[in-house]
Amino acid sequence: MCQFPLFETLAVIDGQFQRLNYHQQRVNLAFEHFFKSETILDLTKITIPTAFKSGFFRCRIDYSAIAFDIKFYAYTPRKMTRFQCVYTEDLDYQFKYSDRKRLDFAKDLQIDEVIIINNGFVSDCTIGNLLFLKNEKWYSPQHYLLKGTQLTYLLDQQKVELMPIHIDDLFGYEKIMVINALNPFEPERAVSIDSSSVLR
């Protein structure tokens, strides 16, 4: 096992962590299930350095059962307009593992992101959860790999609904959007689903 087997990524906007309580809930759950112990990581006690108090930044926290390491980085959102379906069987990524080899899909694909089809059902992409639009309603795959903080928030707000999405149902949806802690729900980021934007 590596020094820090798990990690957490938080958005920092103008000196404020975003959705901090959702991240704390996930960290607490990870300690309980992965380490079988109570958490040592209280996110409310993290001090944001002065250099990262104006603008949009990414905070990465690598942690183990006994220690953690915190770093801050500049962040520029990626524009994602072209996706490729990749197919897996029994893929497990229920925690934010530092070892991401299981998500290391072919890098030479001429795309922006992948859509992971796990056991025949749409799950996530490599950097977050997916949302799909149909008839003015937003859905997220019921067969997600990792329940992200942004997805949890949107479910709590009843802005999205979980839905089993089989690969054969994918093109019945109108638009796709990637969400994660650094990329919130913004309909203008959604991409129309067609044979040029989503490669099956």
Side-chain angles (χ1 to χ4, degrees), residues 1-31 34-35 39-84 86 93-116 123-131 140 144-154 176-186 188-191:
M1 183 181 291
C2 64
Q3 180 183 5
F4 299 114
L6 300 177
F7 76 99
E8 192 74 14
T9 301
L10 294 82
V12 181
I13 300 178
D14 293 332
Q16 298 293 322
F17 285 115
Q18 306 299 299
R19 314 273 184 244
L20 192 64
N21 58 321
Y22 286 91
H23 288 281
Q24 187 68 64
Q25 289 172 13
R26 186 163 64 185
V27 168
N28 294 348
L29 186 65
F31 267 84
F34 194 80
F35 301 127
T39 182
I40 62 164
L41 183 53
D42 184 347
L43 301 181
T44 65
K45 294 183 178 179
I46 296 176
T47 300
I48 300 173
T50 301
F52 299 98
K53 287 189 175 181
S54 179
F56 188 10
F57 300 96
R58 175 171 67 97
C59 173
R60 174 167 171 141
I61 307 168
D62 292 277
Y63 64 96
S64 68
I66 59 173
F68 53 87
D69 181 62
I70 302 170
K71 290 185 173 66
F72 291 84
Y73 305 90
Y75 181 73
T76 302
R78 287 167 46 194
K79 188 174 182 179
M80 286 168 277
T81 61
R82 190 170 168 84
F83 299 81
Q84 169 77 61
V86 296
Y93 194 77
Q94 61 181 311
F95 297 107
K96 288 183 72 70
Y97 303 117
S98 299
D99 180 357
R100 289 173 54 86
K101 291 186 179 67
R102 68 201 80 192
L103 300 181
D104 187 19
F105 299 103
K107 300 299 184 185
D108 56 350
L109 297 174
Q110 300 301 304
I111 54 163
D112 300 307
E113 247 302 335
V114 300
I115 300 173
I116 301 171
S123 59
D124 298 338
C125 65
T126 64
I127 64 167
N129 295 117
L130 297 170
L131 298 184
S140 192
Y144 55 77
L145 298 174
L146 175 74
K147 191 177 183 182
T149 57
Q150 188 64 219
L151 175 58
T152 303
Y153 168 74
L154 292 172
I176 180 173
M177 184 197 313
V178 174
I179 58 167
N180 58 29
L182 295 154
N183 292 272
F185 178 77
E186 296 170 337
E188 62 271 19
R189 294 195 300 105
V191 176

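All figures in this text were calculated on a predicted structure; none of them were measured in a lab. Only heavy atoms go into these numbers, but all of them, side chains included; no hydrogens, no water, no symmetry mates.
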Check: Tyr22 and Gln150 side chains under 4.5 Å, non-hydrogen atoms: no
Gap separating the CD1 atom of Ile70 from the CZ atom of Phe7, nearest 0.5 angstrom: 15.0 Å
Salt bridge (Lys or Arg N to Asp or Glu O under 4.0 Å) partners for Glu113, two or more places apart: none
Side-chain (Gln16) to main-chain (Ala11) donor-acceptor, under 3.5 angstrom: no
Nearest-0.5 Å distance, SG of residue Cys59 to CG of residue Leu20: 9.5 Å
Audit row: Phe17, Leu43, side-chain contact (heavy atoms from CB on, under 4.5 Å) steps and yes/no: CA-CA 9 Å; Phe17 285 115; Leu43 301 181; over 6 Å; no
Asp14 side chain to Ser54 backbone, donor-acceptor under 3.5 Å: no
Quiz item: cation-pi between Arg60 and Tyr73, 6.0 Å / 45°: no
Residue pair Ile61 / His23, side-chain heavy-atom distance below 4.5 Å: no
Distance (rounded to the nearest 0.5 Å) between Phe105 CZ and Ile111 CD1: 10.0 Å
Lys71: partners by salt bridge (Lys or Arg N to Asp or Glu O under 4.0 Å), with sequence neighbours left out: Asp69
Asp99 and Cys2, any side-chain heavy atoms less than 4.5 Å apart: no
Gap separating the CZ atom of Phe72 from the CD1 atom of Ile46, nearest 0.5 angstrom: 6.5 Å
Close side-chain approach of Tyr97 and Leu6, heavy atoms under 4.5 Å: yes
Non-hydrogen atoms of Phe185 and Leu154 that approach each other most closely: CB-CD2, 3.7 Å
Mutual orientation of the aromatic rings belonging to Phe31 and Tyr63 [parallel < 30°, tilted 30-60°, perpendicular > 60°]: parallel
Cation-aromatic face contact Arg102/Tyr93, 6.0 Å, 45 degrees: no
Shortest non-hydrogen contact from Asn183 toward Pro77: OD1-CB, 3.7 Å
Spacing of CD belonging to Gln18 relative to CZ belonging to Phe56, to within rounding of 0.5 Å: 8.0 Å
Stepwise side-chain contact (heavy atoms from CB on, under 4.5 Å) test for Thr39 and Gln24: CA-CA 9 Å; Thr39 182; Gln24 187 68 64; 4.3 Å; yes
Exercise: identify the closest heavy-atom pair between Phe57 and Ala51: CZ-O, 3.8 Å
Pairwise side-chain contact, Thr149 with Arg26, heavy-atom cut-off 4.5 Å (strictly under): yes
Residue pair Arg189 / Ile179, side-chain heavy-atom distance below 4.5 Å: yes
Minimum side-chain heavy-atom gap Thr126-Arg100 below 4.5 Å: yes
Phe4 vs Ser64, side-chain contact (heavy atoms from CB on, under 4.5 Å): CA-CA, chis, key distance, verdict: CA-CA 5 Å; Phe4 299 114; Ser64 68; 4.3 Å; yes
For the student: nearest non-hydrogen atoms of Lys53 and Ile48, plus distance: CE-O, 2.9 Å
Close side-chain approach of Asp124 and Leu103, heavy atoms under 4.5 Å: no
Donor-acceptor pair between Asn21 and Tyr153 side chains, under 3.5 angstrom: no
Where Asn129 and Gly148 come nearest, the two heavy atoms and their spacing: OD1-N, 3.0 Å
Arg19 side-chain N/O to Thr152 backbone N/O, donor-acceptor pair under 3.5 Å: no
CG on Asn180 to CG on Leu130, rounded to 0.5 Å: 10.5 Å
